[in-house]
Amino acid sequence: MNDSMQQPRSIKSLAIVGATGAVGREACRILQQHHIAVDHLKLLASPRSAGTAVDVGGHSHKVEALSEASFNGIQYAIFSAGGAISREYAPIAVKAGCIVVDNSSVFRMDPDTPLVIPEINPDDIADHQGIIANPNCSTIIAAMVVWPLHRVNPIKRMIISTYQSASGAGAAAMEELKTQSADVLSGRDVTPSVFPHPIAFNLFVHDSPLDEHGYNNEESKMVHETRKIFHAPDMPITTTCIRVPVMRAHSESINLEFTNPITPDEVRKILHEAPGVSVVDIGTNQHKSTDAEHAGNHQPARFPMPIDASEHDDCLVGHIRQDMSRSNGRAINMF
């Protein structure tokens, strides 16, 4: 995150829609983490959550039931309550004079709605018509790392495999992973409810609907959203999205083929300077056996892990290496 994004800011009024969900609560935490002062904060959720108290920066805020009148006098709104709510209430908020940042997929591919990652295409915000779309979580992770490389050495092809945590499916999915893990370890039967398959000690292809080519929605989103953000409608991208039994923080294996030859060291140098990215590539050159290693003092290589990325802003990248299946020096693997 660059310095300008770290400076304390003040907002006159802000509404968070879906404030009691996993993403809504994270938005509340980030307000405190980044010292964003809000003169008037309105937390909105379903009627069943109305009255719930949520702590934001040491102050208790009572959740209100979402209604058409919720956005009167509100400057900004963050929507994190699912596509159906965004589709119905985001236009109402805009009509009330509010600028909406929407986390659902409803408006992402709308040609009149900018799809924005601030570290990549902040200038696109200027074209908004009241709604600014936030990309899919998997798209953001890949784009944050790929974009700074693409600017230096244009990418000819991108291959991505994801390892997506339970948090991507919300608070109920995270609780299901906890419960199922305890059930399996205790020898009890597992009955999935949030996910279509057991998530504890298991993994499965992302359970979103398939298109006519056999790609699920998550895979298709990554392709189309990345092209829109990069303003590269024909960029060759292929994806495989997998759900894994990890509580928080998605991971991705990325293979990039560039226009010109590039080395792992050049990749690391570019990414070290990229906003919102941290290079975790410890032990890359530990390929030679040493006396210390034989003595049991060898330190294992350390690359990005979900437990290191959880509750932090930066996208971690490492295990950067040449793709040895390509003899032209133009392909790189990373995690």
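It should be emphasised that the depicted structure is a prediction, and the values quoted were computed from it without experimental measurement.
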N/O donor-acceptor pair under 3.5 Å between [X] side chain and [Y] backbone:
X: Arg108; Y: Asp102; answer: no
X: Glu266; Y: Thr263; answer: yes
X: Ser104; Y: Gly83; answer: no
X: Ser208; Y: Asn217; answer: yes
X: Lys42; Y: Ser70; answer: yes
X: Ser13; Y: Gln75; answer: yes
X: Lys228; Y: Pro111; answer: no

Side chains of [X] and [Y]: is there a donor and an acceptor less than 3.5 Å apart?
X: Asp323; Y: Asn255; result: yes
X: Asp124; Y: His231; result: yes
X: Asp55; Y: Ser60; result: no
X: Thr240; Y: Tyr215; result: no
X: Ser278; Y: Asp314; result: yes
X: Thr139; Y: Glu225; result: yes
X: Ser138; Y: His250; result: no
X: Glu252; Y: Gln164; result: no

Heavy-atom side-chain contact between [X] and [Y] under 4.5 Å:
X: Pro236; Y: Lys156; answer: no
X: Leu271; Y: Val267; answer: yes
X: Val54; Y: Arg25; answer: yes
X: Ile262; Y: Arg330; answer: no
X: Leu14; Y: Leu31; answer: yes
X: Arg243; Y: Ile199; answer: yes
X: Leu149; Y: Asn153; answer: no
X: Ile160; Y: Glu219; answer: no

Around atom [atom1] of [X], are there more than 12 heavy atoms of other residues, nucleotides or ligands at under 6.0 Å?
X: Arg29; atom1: CZ; answer: yes
X: Glu68; atom1: CD; answer: no
X: Arg227; atom1: CZ; answer: yes
X: Arg188; atom1: CZ; answer: yes
X: Tyr163; atom1: OH; answer: yes
X: His59; atom1: NE2; answer: no
X: Asn72; atom1: CG; answer: yes

Of the non-hydrogen atoms in [X] and [Y], which two are nearest, and what is the gap between them?
X: Ala142; Y: Met222; result: CB-CE, 4.3 Å
X: Thr113; Y: Ile131; result: CG2-O, 3.5 Å
X: Phe107; Y: Pro91; result: CZ-CD, 4.5 Å
X: Glu176; Y: Val194; result: OE1-N, 2.8 Å
X: Leu203; Y: Pro245; result: CB-CD, 4.5 Å
X: Thr20; Y: Ala45; result: OG1-CB, 3.8 Å

| field | Ionic contact status for Asp265 with Arg268, cut-off 4.0 Å | value |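 Salt bridge between Arg268 and Asp265, a charged N being under 4.0 Å from a carboxylate O: yes.
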
| How are the rings of Phe79 and Phe71 set relative to one another: parallel (under 30°), tilted (30 to 60°) or perpendicular (over 60°)? |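 Phe79 and Phe71: parallel rings.
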
| message | If you take the centroid of each ring, where Trp contributes its six-membered ring, are His319 and Phe335 closer together than 6.0 Å? | response |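 So the answer is no for these two rings.
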
| message | For His150 together with Phe230, are the ring centres under 6.0 Å from each other? | response |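 Yes; His150 has its ring centre under 6.0 Å from that of Phe230.
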
| query | Would Asp308 and Arg302 satisfy salt bridge (charged side-chain N to carboxylate O under 4.0 Å, His left out), going step by step from the backbone distance to the final call? | reply | CA-CA 11 Å; Asp308 295 330; Arg302 189 174 185 91; 2.9 Å; yes

